[in-house]
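What follows is a single structure, written as structure tokens, with notes after it.
Remember, it's a predicted structure, so these values are computed and weren't measured experimentally.
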Amino acid sequence: MKTTAGPGGRTAYLKRWDAPVAGYLFIAPWLIGFFWLTAYPMLLSLYYSFTDYTLMQPVSWTGLHNYSKIFTADAKFVKSVQVTFMYVAASVPLKLIAALLVAVILNKAVKGISAYRTAIYFPSLIGGSIAVSLLWRNIFGIDGFFNKILASFGLEGSSWITNPNTALSSLILLTVWQFGSSMVIFLAGLKQIPADLYEASSVDGANRWFQFFKITLPMLSPTLYFNLIMGVINAFQMFTSAYVITNGGPMNSTNVYALYLYEQAFSRYHLGYASALAWVMLVIIVIISLLIAGTSKYWVFYESDTGGGRK
């Protein structure tokens, strides 16, 4: 390739590569971390998913045996998928509803509102910790705080986390309680909605409910779409609460997918089988995310599309 000398004796060809080289140098730490801590382990787990890797014996290639066993001879896998889908289907909508309603309430210019926002967001900073999970287990135990509240009203409680009918609901309630992050994102979206839309609708006689469903929700739909995708991804990977509070019990009623994967990998040392389970989870998450993305054209409104937006 022919190059011409530029000012100062530097060639035009080298000038073109000054910025990219500098950019790659700046992001080199991230690239090293990504390839070494993310890409390499992922590819290694993909290889192990086709092997009989048990940590105690040499790795032996088994082809699709692990995947065949998952879908044809593992009843516990089917149970974990059912529990996980129930958890996701209940926790994600409830968490989004709670986050949106609180964000609308906190989107007011009143004195001390920042303190309220901070107090409501705080549980999300510690909600996924082991300490909070232990506290939650004590609250919903047979002698826990929740049963004492019920007793003060003359109602008899039970051990919610040891009852197969209520154990999963306790975990769902803990997840909904951690709505702070989604609330902050909703609050940022609400700040971007032009105030003149509400003023114009008020002049036309629109009430608060009409404004919420015809202005707030459509204008907030991209934010809702983002929170929905992130909520589904995070819900499928829920582990800490189920491990600390119930350890998958009682009767596998809270044995979510990530907990079952952990059991196969670090309790039974079936690392090859666990790797196959991890890739099945990845495929499930990708499929559901694509389904949500495919339906977004029917309910997500973008103001910039075709001038007037898309509904």
Distance from [X] atom [atom1] to [Y] atom [atom2], nearest 0.5 Å?
X    : Y    : atom1 : atom2 : value
F77  : L277 : CZ    : CG    : 7.0 Å
F179 : S182 : CZ    : OG    : 9.5 Å
S241 : Q178 : OG    : CD    : 6.0 Å
T223 : L228 : OG1   : CG    : 12.5 Å
R208 : T216 : CZ    : OG1   : 10.0 Å
L173 : W136 : CG    : CH2   : 4.5 Å

Close side-chain approach of [X] and [Y], heavy atoms under 4.5 Å:
X    : Y    : answer
L224 : L100 : no
S201 : I215 : yes
D74  : Y260 : yes
Y225 : Y302 : yes
M238 : S91  : no
I97  : V176 : no

### Message
Please tell me whether S169 and W160 have a donor and an acceptor in their side chains that are separated by less than 3.5 angstrom.
### Response
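No donor-acceptor contact under 3.5 Å links the two side chains.
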### Query
Taking it one step at a time, do Y198 and I193 satisfy side-chain contact (heavy atoms from CB on, under 4.5 Å)?
CA-CA 9 Å; Y198 296 103; I193 301 177; 3.6 Å; yes
### Query
Could you go step by step and tell me if Y24 and I27 meet the side-chain contact (heavy atoms from CB on, under 4.5 Å) rule?
CA-CA 5 Å; Y24 284 125; I27 67 173; 4.0 Å; yes
### Task
Answer yes if the ring centres of F236 and F85 are under 6.0 angstrom apart, and no otherwise.
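That pair passes the under 6.0 Å test.
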### Query
Are the aromatic rings of F145 and F140 close, with centres under 6.0 Å apart?
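No, the ring centres sit 6.0 Å or more apart.
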#### Entry: Connected-component partners of I105 among ILVMFWY, side-chain separation under 4.5 Å
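Hydrophobic cluster check, I105: no partners found.
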Measure across [X] and [Y] and return the closest heavy-atom pair with its distance rounded to 0.1 Å.
X    : Y    : value
I245 : R137 : O-CD, 3.4 Å
A265 : A274 : CB-CB, 3.5 Å
F213 : P218 : O-CD, 3.4 Å

### Task
Establish, for the pair K69 and Y273, whether the NZ or CZ atom is under 6.0 angstrom from the six-membered ring centre and no further than 45 degrees off its axis.
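Flagged: K69 positioned over aromatic ring of Y273.
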### Task
Before giving the answer on side-chain hydrogen bond (donor to acceptor under 3.5 Å, both in side chains), spell out for T246 and T254 the whole-Å C-alpha distance, their side-chain angles and the decisive distance to 0.1 Å.
CA-CA 7 Å; T246 61; T254 61; 2.6 Å; yes
### Query
Is the number of heavy atoms from other residues, nucleotides or ligands within 6.0 Å of NZ (K76) greater than 12?
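For K76, atom NZ is crowded (more than 12 foreign heavy atoms under 6.0 Å).
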### Message
So if I apply the side chain to side chain contact (heavy atoms under 4.5 Å, CB included) rule between V280 and each of L261, I70, V81, which one comes out positive?
### Response
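The passing option is I70.
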### Message
Quick one, W61 with D52, criterion side-chain hydrogen bond (donor to acceptor under 3.5 Å, both in side chains). Give me CA distance, side-chain angles, the key distance, then yes/no.
### Response
CA-CA 6 Å; W61 183 267; D52 186 20; over 6 Å; no
### Query
F239 vs Y243 aromatic rings, parallel, tilted or perpendicular, using cut-offs 30° and 60°?
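The arrangement is parallel - the two ring planes meet at less than 30°.
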### Task
Classify the ring geometry between Y67 and F50 as parallel (under 30°), tilted (30 to 60°) or perpendicular (over 60°).
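Geometry flag for F50 against Y67: tilted rings.
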### Query
Among the clusters formed by ILVMFWY side chains lying less than 4.5 Å apart, do V286 and F71 turn up in the same one?
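Hydrophobic grouping puts V286 with F71.
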### Message
If you apply the rule side-chain contact (heavy atoms from CB on, under 4.5 Å), what do you find for M183 with L106, and how did you get there?
### Response
CA-CA 9 Å; M183 179 204 70; L106 294 180; 3.6 Å; yes
### Test item: N252 side-chain N/O and K79 main-chain N/O as donor-acceptor pair under 3.5 Å
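Between the backbone of K79 and the side chain of N252 there is no qualifying donor-acceptor contact (under 3.5 Å).
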### Task
Give the intermediate values and the outcome of side-chain contact (heavy atoms from CB on, under 4.5 Å) for residues Y53 and S275.
CA-CA 9 Å; Y53 182 35; S275 297; 6.0 Å; no
